[in-house]
Amino acid sequence: MQKKKPLLSVITIVFNDAKHIERTMLSVLHQTYPYIQYIIIDGASTDGTVDVIKKYQDSLFYFSSEPDKGIYDAMNKGLAIATGDYVLFMNSGDEIYALDTVEKVFACADGADIYYGETLRINEKLESLGPRKHLIPEHFSWKSFKYGMNVGHQAIYVKRALAQPYDLQYRLSGDINWILKIAKKAKHIINTQMYVAKFLEGGASKQRQRESLKERYLILQKYYGFWPNIFNHLIITIKAILKK
């Protein structure tokens with residue numbers, strides 16, 4: 001008997017991004033993998049975003065447009081709706097890398113707690129900027145983030161049973177805290193050895209970088225300890241200076 005394929009819940013959050021939302025949606029809706037439920041959480045957009053989404057409403061598992069308390073509140077709303085075996089956050093502006101990517105991810109192996117891959121950065125003109133500055137680790141665990149977030153949020157497929165709500169005390173770097181919590185519980189993590197996502201440079205954390213970095217520092221201190229975190233950030237600073 002053929003093994004049942006996992007259901008993937010893809011969650012997109014968006015607010016006033018009529019320029020990019022359709023590109024993100026089509027990267028999900030046109031996947032060759034048929035077992036996808038698509039959830040879109042809009043924060044009461046007023047720029048035409050909702051009109052774009054409604055063009056594809058019949059293909060969506062769930063869609064809502066209402067005010068929220070920020071990025072991670074919106075993500076929690078999507079997570080509460082999701083019923084898939086796995087969840088993937090593909091926020092507006094980002095894309096699943098290719099139309100057969102999800103199919104290839106789940107062809108890697110059965111039953112992983114986390115599947116992950118590389119992310120290609122793109123600019124507003126959709127031109128390639130190459131991979132993220134932090135290349136993904138060959139073997140990923142909760143200890144992999146001590147020098148920063150080296151696996152993109154949109155490049156991680158997480159078993160839904162391990163996915164807890166986001167901690168709303170964080171406003172810009174809560175994704176690191178969320179992934180670390182999951183990774184500490186994960187037993188079986190698969191590196192897909194391929195690009196799985198495209199990331200549009202210039203998100204909320206980039207626009208408010210100082211606040212985002214402060215949050216990240218405190219999160220990493222919570223997981224790695226005070227002095228190890230000091231040392232790790234010294235290494236981060238040295239690497240940043242050498243790259244200039």
Side-chain angles (χ1 to χ4, degrees), residues 11 13 68-80 86-91 94 112-119 121 131-191 196-197 199-244:
I11 302 168
I13 68 163
D68 55 54
K69 299 174 184 176
I71 296 170
Y72 301 118
D73 181 43
M75 287 181 168
N76 281 346
K77 288 180 180 182
L79 200 55
Y86 291 85
V87 294
L88 171 68
F89 284 94
M90 190 59 56
N91 295 335
D94 302 337
D113 292 325
I114 296 173
Y115 296 92
Y116 72 101
E118 190 59 88
T119 302
R121 296 176 300 132
R132 298 171 76 252
K133 293 177 183 177
H134 296 290
L135 295 178
I136 64 171
E138 181 65 26
H139 302 288
F140 171 63
S141 75
W142 71 273
K143 296 180 181 179
S144 301
F145 282 3
K146 63 182 180 180
Y147 298 132
M149 191 164 175
N150 54 15
V151 182
H153 193 230
Q154 57 287 111
I156 298 180
Y157 293 61
V158 171
K159 189 171 281 188
R160 186 174 59 87
L162 298 179
Q164 299 174 6
Y166 288 81
D167 189 335
L168 297 186
Q169 72 173 298
Y170 305 115
R171 299 192 58 79
L172 295 169
S173 294
D175 46 350
I176 301 176
N177 183 66
W178 186 76
I179 292 168
L180 280 167
K181 281 196 298 185
I182 293 167
K184 286 197 80 169
K185 295 185 292 182
K187 305 296 185 186
H188 185 32
I189 299 176
I190 298 278
N191 182 350
V196 297
F199 168 68
L200 181 65
E201 288 273 275
S205 60
K206 190 77 171 180
Q207 294 164 13
R208 296 159 63 186
Q209 194 167 37
R210 184 183 294 270
E211 184 182 346
S212 175
L213 289 174
K214 182 178 178 181
E215 274 193 4
R216 186 189 72 175
Y217 181 87
L218 294 174
I219 290 167
L220 296 183
Q221 179 174 296
K222 180 174 70 172
Y223 285 92
Y224 302 122
F226 179 80
W227 288 113
N229 195 42
I230 292 284
F231 176 78
N232 293 340
H233 275 77
L234 178 62
I235 299 298
I236 292 171
T237 303
I238 292 171
K239 286 183 176 180
I241 292 171
L242 292 176
K243 284 182 179 180
K244 288 183 177 180

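Count residues from 1 along the sequence. These figures come from a predicted structure and were not determined experimentally.
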Exercise for review: May I ask you to test the Ile114-Phe140 pair for a side-chain heavy-atom distance under 4.5 Å?
Suggested key: yes
Practice item. Please confirm whether the backbone N or O of Ile156 pairs with a side-chain atom of Tyr116, one donor and one acceptor, at under 3.5 Å? Key: no
Check your understanding: Is the backbone of Glu138 close enough, under 3.5 Å, to the side chain of Asn191 for a donor and an acceptor to pair up by distance?
Key -> yes
Exercise for review: Pick out which of Leu200, Ile11, Ile13 makes a side chain to side chain contact (heavy atoms under 4.5 Å, CB included) with Asn91.
Suggested key: Ile13
Exercise for review: Find the distance between CG (Asp167) and OG (Ser173) and round it off to the nearest 0.5 Å.
Suggested key: 12.5 Å
Review point. Where does the angle between the aromatic ring planes of Phe89 and Trp178 fall among parallel (under 30°), tilted (30 to 60°) and perpendicular (over 60°)?
Key: perpendicular
Check your understanding: With distance as the sole criterion, is a donor-acceptor pair present between the side chains of Asp175 and Tyr170 under 3.5 Å?
Key -> no
Review point. Between Ile179, Leu88, Ile182, which is the residue that forms a side chain to side chain contact (heavy atoms under 4.5 Å, CB included) with Val158?
Key: Ile182
**Study point:** Lys159 bridged to Asp113 by N-O distance under 4.0 Å
**Key:** yes
Practice item. Find the distance between CG (Leu172) and NZ (Lys214) and round it off to the nearest 0.5 Å. Key: 12.0 Å
**Study point:** Donor-acceptor pair, side chain of Tyr86 and main chain of Ala112, under 3.5 angstrom
**Key:** yes
Review point. Nearest 0.5 Å, what's the CD1-CD distance between Ile230 and Gln221?
Key: 7.0 Å
Revision key, fill the gap. Interatomic distance, CG@Leu218 vs CD@Glu215, rounded to 0.5 Å, equals 8.0 Å
Review point. How far does CE of Met90 sit from CD of Gln154, to the nearest 0.5 angstrom?
Key: 6.0 Å
Review point. Of the options Arg216, His153, Lys181, which is the one that meets Ile176 in a side chain to side chain contact (heavy atoms under 4.5 Å, CB included)?
Key: Arg216
**Study point:** Flag, side chain of Arg121 to backbone of Pro131, donor-acceptor distance under 3.5 Å
**Key:** yes
Exercise for review: If the plane angle is over 60° it's perpendicular, under 30° parallel, otherwise tilted; pick one for Tyr115 and Tyr157.
Suggested key: perpendicular
